[in-house]
Amino acid sequence: MSTELIKCENVSFSYDSLSVIRDLSFSVSSGDYLCIVGENGSGKSTLTKGILGLKSPTKGKIVKSPELRSDDVGYLPQQTPAQKDFPASVFEVVISGRLNSRGLRPFYSKKDKMMAHDNIRRLGIENLMYRSYRDLSGGQQQRVLLARALCAGKKLLILDEPVTGLDPIVTEEMYRLILELNRKEGISIIMVSHDITSAAKYADHILHLNFEKSFFGTTEDYIKSPMGRYFFSEEK
Amino acid sequence: MIEQITEMFQHSFMIRAMIGGTLVSLCAALLGVSLVLKRYSMIGDGLSHVGFGALAVSTAMGASAPLEVAVPVVVIAAFLLLRISENSKIKGDAAIALISTSALAIGITVAQMSSGLNTDINSYLFGSIIAMSQRDVIFCSVLSVVILVLFVFFYNKIFAVTFDENFAKATGTKAGIFNMVIAILSALTVVVGMKMMGSMLISSLIIFPAIISMRICKRFKTVMITSAVVSIICFFVGLVISYLYGSPTGASIVIVNLCTLILFIIIERIKKVIIRK
Ligand SMILES: Nc1ncnc2c1ncn2[C@@H]1O[C@H](COP(=O)(O)OP(=O)(O)OP(=O)(O)O)[C@@H](O)[C@H]1O
Ligand SMILES: [Mg+2]
């Protein structure tokens, strides 16, 4: 039923001589909700860049199913400080997600604009459409970037820490939104997060990165595993 | 006053300065928005210093066309500076300062040691109103056509790469090429604008209009357009002032830009106060 979208086989990543990830294997199938957790510097962002093809592995290989074309993948990067005060309207930002399906054609078509509108509506930010991106709050900006990611791809979303800097209520809303996209629209999710409790609550698979020994499996298995037990007993 | 301005255009050097300067202002303003937003404005400054060094050395060595030597050197410097800023943001800042001060020092030393170049040094450093040659004007025209075509046809890609390079790359836009093209075009703009504006001051043409327009505009497209318009108007006013009162051209243009920026800041403050009431 569900097909394998991405399969990583014994991949390693390193920067120059610094080895970050060693011999990691996991796979993501369509409809999956995978959470990548791990401490700072464990290589979560590096791995997402690897999956997106921004960084090539030093060893092993990442196989993408032929079904998954480059315009099927949406990406929500970790925000950079430079972006926070960027003078652009929300609409301009959202529609820039359509660029990957434009190829060399320079201008957006009616269809692109409609899709941008649809996603703006889907995330409930119609009232922000003509506002300037830099005048928005962190949570609103994150929604705009999520709308852009949805414009870029409707099969797989890769989210790098989508809830950093958001207050608890907006965080909860964001999680609910992502869950809805996964359950209702069947979009596969790969999300990087520091929030292990929420990860376990929403995701169906967990990848816990650790240089010594990483864990990959279903959420149930994770909670029972020594690694998961450590975190969940600490939470209590 | 009107008479003096019409008289101004009777001199062919003024017409050249006018056309060349307008085109350089346009190019610098468009490129500037992208450079400033990407936190690359130091590159513009670095390029102008390297340009000065190259120009001074090649003049001293008796090159018949110093500009032809300066162009490739500055283009290579653009590659280098871009690489440095892409790789490490904090150290990049320092590295650019190292490169630009070194180029400046070498240029000044070489020019000083070879005899009789002092007036040239002055005009390279601070610009000169009579510096635009016929060839420079043609060069500017070609450059601005290239830049305009690029910004119209690749506007959406330039937006995407400027706003979020990682996202652009992840979704299949070749961001590296765009950075390169922008750096090279900036290098060319700097070299040709340097003669009139002076290498100490040319980077202001890249930075001021972008900063001014970013204060008042909320959309990327309007930022671009306003930046170009503000840049050209400031240039024109500065040039006229320089002609009427004999003030240094480059410096006058920068001062006009500065006054515009201050004016906009004041307007913005007043607006805020009114809205709050
Ligand atoms: N461009 C780079 N050059 C060199 N080393 C890097 C680079 N980017 C990351 N690293 C190193 O790789 C390791 C993993 O970084 P990465 O950003 O993938 O971690 P992360 O798990 O995303 O951390 P965080 O939770 O802070 O986001 C770190 O030790 C970091 O120092
Ligand atoms: Mg990270």
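Lettering follows sequence order; numbering is per chain, from 1.
Interface residue A/Val93: backbone and side-chain heavy atoms are both found under 4.5 Å from chain B.
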May I have a list of the donor-acceptor pairs under 3.5 Å that connect chain B with chain A?
unit_1   : atom_1 : unit_2   : atom_2 : d
B/Tyr155 : OH     : A/Glu92  : OE2    : 3.0
B/Asn156 : ND2    : A/Pro106 : O      : 3.0
B/Lys157 : NZ     : A/Gly103 : O      : 2.8
B/Phe163 : O      : A/Gln83  : NE2    : 3.3
B/Asp164 : OD2    : A/Gln83  : NE2    : 3.3
B/Asp164 : OD2    : A/Arg148 : NH1    : 3.3
B/Asp164 : OD2    : A/Arg148 : NH2    : 2.8
B/Met214 : O      : A/Arg134 : NH1    : 2.8
B/Met214 : O      : A/Arg134 : NH2    : 3.0
B/Cys217 : O      : A/Arg134 : NH2    : 2.7
B/Lys218 : O      : A/Ala88  : N      : 3.3
B/Lys218 : O      : A/Ser132 : OG     : 3.1
B/Lys218 : NZ     : A/Asp135 : OD2    : 3.0
B/Phe220 : N      : A/Pro87  : O      : 3.2
B/Phe220 : N      : A/Glu92  : OE1    : 2.9
B/Lys221 : N      : A/Glu92  : OE2    : 3.3

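By number of non-hydrogen pairs under 4.5 angstrom with chain A, the leading residue of B/Phe153, B/Phe163, B/Phe154, B/Phe159 is B/Phe163. No other option in B/Ala170, B/Cys217, B/Ala160 has as many heavy-atom pairs under 4.5 Å with chain A as B/Ala170. Interface summary for chain A: among B/Val152, B/Val33, B/Leu37, the most heavy-atom pairs under 4.5 angstrom belong to B/Leu37.
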Working for side-chain contact (heavy atoms from CB on, under 4.5 Å), residues A/Leu76 and A/Leu157: CA-CA 8 Å; A/Leu76 181 70; A/Leu157 279 185; over 6 Å; no

Working for side-chain contact (heavy atoms from CB on, under 4.5 Å), residues B/Ser100 and B/Leu104: CA-CA 6 Å; B/Ser100 57; B/Leu104 197 58; over 6 Å; no

Trace of the side-chain contact (heavy atoms from CB on, under 4.5 Å) decision for A/Phe86 with B/Phe220: CA-CA 8 Å; A/Phe86 198 95; B/Phe220 192 68; 3.7 Å; yes

Derivation and outcome, side-chain contact (heavy atoms from CB on, under 4.5 Å), residues B/Phe167 and A/Leu99: CA-CA 10 Å; B/Phe167 180 84; A/Leu99 213 60; over 6 Å; no

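Here the CZ atom belonging to A/Phe216 is positioned 10.0 Å from the CD1 atom belonging to A/Ile206, to the nearest 0.5 angstrom. Expressed to the nearest 0.5 Å, how far CG of B/Leu80 lies from CG of B/Leu47 amounts to 10.5 Å.
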Give every donor-acceptor pair under 3.5 Å between a side-chain atom in residues 197-212 of chain B and any protein atom, sequence neighbours left out.
unit_1   : atom_1 : unit_2   : atom_2 : d
B/Ser199 : OG     : B/Tyr124 : O      : 3.3
B/Ser203 : OG     : B/Asp45  : OD1    : 2.9
B/Ser204 : OG     : B/Leu201 : O      : 2.5

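Taking all atoms of both residues into account, the shortest heavy-atom contact from A/Ile189 to A/Leu156 is N-CD1, 4.4 Å.
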